[in-house]
Every structure is written in C-alpha cells, then in structure tokens.
Number of protein chains: 2
Amino acid sequence: MSRPKSESRAALLDNALSTFWKMGYHVVSMGDLVRETGVSRGGIYSDFKGKRELFHACLEHYQDTFVGPSLAPIEEDGAGIAAIAKYLETLISSIEQSGEGVIGCLVVNTSAQLDPDDTDTRALLEKHFKRQEDAFHAAISNENNISKKLSESEVKALAQFVTTSIQGLASRFRNTTDMKPLRQYADSLMQILKVQLYNDQ
Amino acid sequence: MSRPKSESRAALLDNALSTFWKMGYHVVSMGDLVRETGVSRGGIYSDFKGKRELFHACLEHYQDTFVGPSLAPIEEDGAGIAAIAKYLETLISSIEQSGEGVIGCLVVNTSAQLDPDDTDTRALLEKHFKRQEDAFHAAISNENNISKKLSESEVKALAQFVTTSIQGLASRFRNTTDMKPLRQYADSLMQILKVQLYNDQ
DNA sequence: CTTGTTTTAGAATGATCATTCCATTAAGCT
DNA sequence: AGCTTAATGGAATGATCATTCTAAAACAAG
C-alpha cells in the first residue's frame, strides 16, 4: 500500500532542529513548528508523542548532523591539537558563512534554560559534553605522547578546560555577528594549549 | 499620610531575582512570582509595568547585589591577578555554601535564551559583560606593569579570554553539585594567567 | 474512476498565561 | 473612635498554548 512520506516529512527533524536552535525550547510553539517545518499538526503528532519528544529527537539529530561530523577528525586515531585548531576554525567559518547570525550551540543553550528536575533532557546534554571532552582528551593525550610533559591528570584537566572554554565561546558569542573576537578567543585557546603541552616553566 | 511599604514589598526584587535566576524568564509565571515573593498581583503591577519590566529591574538588581560587590576588589586601584583568583574562589565557595545547587549566572542564562530581536535586554547583558571585561582588563594590565611581558593588545585579548572562560564556567556547571571540576577549572585558568604574564616562551 | 490510506488545514478543547479589576482587609494618622 | 490610603486575595478577561479531532484533499494502486 500507498503513499511515501512527503518531502516535508523527511525534513521535519532538520527544520524543527533549526527552529529550536534559533528560538529555544520554551519560546517555540507548535504553531511555529508547523510553519517552519511545513508539516501539519497531525503530521507532527503522528511521528512524535509531543513537543518534548520532538525536542529530544532534535537533540539526537543535532548530535548526528552537527556535533558528530565536526568532532570526527578529532576522534580519529592519532589526531593531535592540530585537529582541535581545525575544529575551531571550521566552527567559526561555518557560522560566518551561514549569514543568519550566530546561534551558539543547541546543547549549551538548552543547558542554560533546563529545569533542574528534568533528568531525561539533562542526560542527553551530559552525553554530549562527555563525547566532546573524550574527543579533546584523546587528541591532547596523543599530542602529549610526543612531548611527554604532562601527567595523565594534567591532560585530563586540560581536556576539561578546553571543553568548558569552548562552551564559553558558544555562550558568549551567541548573538554576535562580529567574528573577530571569536577568532581571537580561538587563537588564545590554541596558544595556551601549545604552551601547556610544550613550554617548560 | 499612610502606610510604609510592607516587608515583602522591600524584598520583592530579591525574591523575584532568585526566582528568575533559578527557573529562567520564560518558565516563571506571575503566579510563581506571587508565591515566591509573597507580594500580591496588584502589588507587583503597582511597582512594575509587567513581567518584562520586573525582569529588567532584576537584572539591574543582580548587578547591584551580586556582580558589583564580587567585582569590586578587582576594580580597586592596583589590583592584580591575585584579586582574580580570590574572585573565583569566592564565587565557588558561595555556590558551595548556598547548598541549593548551582544556578550559574543570571546574565549567562539569559543570554542563552534571548530573542535575537530583544535589543533592550541585550543591552543590559552587554553592559554586564563590558563591566566584567573592563575589571579583568585593569587587573591584568596592572599585573603586566610588573612583568611588562605583554603588549596592550595581548593584555586585551587575555582579558577577553578570561571573561569568556568564566562565562563557560558558569554555563558548564549550572547544574553540577560537584565542586571539584569547578575548582579544577579555576586553577587551570589562574595557572594560564600566570604563564601568559610571567613565563617566557 | 474507485477504493483505501495518508496527509492536511483548521476547528474544538481545556489548560495556563499576563494583565486588569474590585471588594475586603489592614495599617497609619488625627 | 473615624478617615484615608496601601495592600491583599482572588475573580474576570482575553490571549495563547499543547493536544485532539474531523472533514476534506492528495495520492497510490486496482
């Protein structure tokens, strides 16, 4: 039997994700989602139990389509801090080219407005942070195998520092169109990484 | 004539602020504010035009009661990076002692859920960031007058870096009760400051 | 074209929201 | 005491929300 999923149906997650990303969970209404996705109310509810479930699916979709691909080079065997530098540069230039203004990171935005009791959503966010930190940890550890300057606990602290700093970058520049301070910040971060890994004190 | 402001009226801003801080602007209802402040609906509307105006007043109150006092030692003449270290330690231990769990920074939380077109609110947030960055800039500049290692533009970049990093700290640890990574992050930041200011490369 | 299914537009429902309003209460003052 | 004003609790209003429902439209296959 019968009809295939419509085009708009296939892009539902894409468009819902960008809507939540731009506006934030609480501000987005089902009417907004209907308008932005081109899928009817009934269509959305036939695929998802409700707004909350759709949002969770968008968080996963965000992982698959944005976070995963951008972290992949860092997660590769043998990747060093050059991969982190490239990650930052790609991040910034993709914002630059989108032209729509900066909208930060969906996970960071969500974290800032999360109900402390909402453990389901929190778990999804923590999974993201862990993945990011693990990737940075591996790359920094690889790099440290060359210089062997840092202890394992220092490598770990540095990976946490980088993760949290990038979260600061996403938070601080959510509404900036000027990319200069963004690049400045990325440069500072990379310079610090190099000093920590290679310069004796 | 007449009655003085009631006790609850005097604490209106205090309690409204903590409610917005914990729950976030969009989630807080006027009913929540009535319950949390102990002031009646009419009372709130007689002092403020509406929820939005009250929120703006809370942002200013946050500056006066939290941000200002905590930045004051850094803003003092001759303050160096020791003042920044103390600022971080005070920040973390005040979170620790509050016991209510971490609720990040009101300005950072607000920034993450701000409508891009809401320029009024944005201006209040930018004022905060500028003040914070200016304070750090002065302290780092003072410190650099001793070592004279950094150029003026490097001092500025470092101040921006510290500001944004602390924003990352507030964002990342909004929902953490474990203070260890928080202190770890603060230590890393201070160590980086010292290396940048005093270690030759 | 006809039959069966999917999808849609949009109305209906019931909850919740910000804001306004008012009758009642409580406080200060003479 | 009585007068005046501040403040309250809570009802009324009108908007908006998430969710459900339905009749019509769109599509596939016989």
Side-chain angles (χ1 to χ4, degrees), chain A residues 1-59 61 109-110 113-115 117-118 120-121 124, chain B residues 1-59 61 109-110 113-115 117-118 120-121 124:
Chain A
M1 349 158 171
S2 58
R3 280 170 83 190
K5 299 271 176 182
S6 75
E7 270 182 68
S8 57
R9 261 322 176 53
L12 207 178
L13 273 182
D14 280 336
N15 294 320
L17 165 56
S18 86
T19 307
F20 281 126
W21 199 350
K22 264 182 281 197
M23 304 170 62
Y25 178 77
H26 297 294
V27 173
V28 169
S29 70
M30 291 306 291
D32 292 327
L33 290 169
V34 167
R35 180 170 25 80
E36 297 293 322
T37 64
V39 179
S40 67
R41 286 176 137 76
I44 294 175
Y45 278 97
S46 80
D47 282 6
F48 300 95
K49 266 163 85 178
K51 182 183 170 187
R52 186 185 158 78
E53 283 238 334
L54 173 56
F55 180 65
H56 283 174
C58 285
L59 278 173
H61 194 58
N109 296 347
T110 302
Q113 48 197 303
L114 186 64
D115 175 356
D117 298 329
D118 183 353
D120 293 348
T121 308
L124 291 174
Chain B
M1 347 161 176
S2 65
R3 280 168 85 190
K5 299 272 178 182
S6 76
E7 269 182 67
S8 57
R9 252 341 171 40
L12 207 177
L13 272 183
D14 279 336
N15 294 320
L17 165 56
S18 86
T19 307
F20 281 126
W21 198 350
K22 265 182 280 194
M23 304 171 59
Y25 178 77
H26 293 110
V27 172
V28 170
S29 70
M30 292 305 291
D32 293 327
L33 290 168
V34 168
R35 180 170 25 82
E36 296 293 322
T37 64
V39 179
S40 66
R41 288 176 136 76
I44 294 175
Y45 279 98
S46 82
D47 282 7
F48 301 94
K49 267 162 85 178
K51 183 183 169 187
R52 186 186 158 80
E53 283 238 333
L54 173 56
F55 180 66
H56 283 174
C58 285
L59 279 173
H61 193 58
N109 295 348
T110 303
Q113 48 197 300
L114 187 65
D115 174 356
D117 299 330
D118 183 353
D120 293 348
T121 308
L124 291 175

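Letters A, B, ... are given to chains in the order of the sequence lines, protein chains preceding strands, and every chain is numbered from 1. In this text, all values refer to a predicted model and were calculated from it rather than measured experimentally.
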Separation of [X] atom [atom1] from [N] atom [atom2], in whole Å?
X	N	atom1	atom2	value
A:Ile44	C:dA9	CD1	C1'	13 Å
A:Arg41	C:dA9	CZ	P	11 Å
A:Tyr45	C:dT8	OH	C1'	16 Å

**Item:** With sequence neighbours excluded, residues passing ring-ring contact (aromatic ring centres under 6.0 Å, His included) with B:Tyr25
**Value:** B:Phe20, B:Phe55

**Message:** My understanding is that only residues two or more places apart in sequence, or in another chain, count here; which of them pass ring-ring contact (aromatic ring centres under 6.0 Å, His included) with A:Tyr45?
**Reply:** none

Partner residues of [X] under the side-chain contact (heavy atoms from CB on, under 4.5 Å) criterion, sequence neighbours left out:
X	result
A:Asp14	A:His61
A:Glu36	A:Thr19
A:Ser40	none
B:Ser18	B:Lys22

**Message:** What I want to check is whether the side chains of B:Arg35 and B:Ser29 have a donor and an acceptor closer together than 3.5 Å.
**Reply:** no

**Prompt:** Of the residues in residues 22-40 of chain A, which ones touch DNA chain D at a heavy-atom distance under 4.0 Å?
**Reply:**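 Hits under 4.0 Å, by residue number: A:Val28, A:Ser29, A:Met30.
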
**Message:** If you take any heavy atom closer than 4.0 Å to DNA chain D, which residues from residues 48-56 of chain A end up in contact?
**Reply:** A:Gly50, A:Lys51

**Message:** I'd like to check the salt bridge (Lys or Arg N to Asp or Glu O under 4.0 Å) partners of A:Arg52; sequence neighbours left out, ordered by chain and number.
**Reply:**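 Partners of A:Arg52 under the salt bridge (Lys or Arg N to Asp or Glu O under 4.0 Å) test: A:Asp118, A:Asp120.
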
**Message:** Looking at A:Arg9, I'd like to know whether one of its side-chain N or O atoms comes within less than 4.0 Å of OP1 or OP2 on C:dT7.
**Reply:**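 Yes.
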
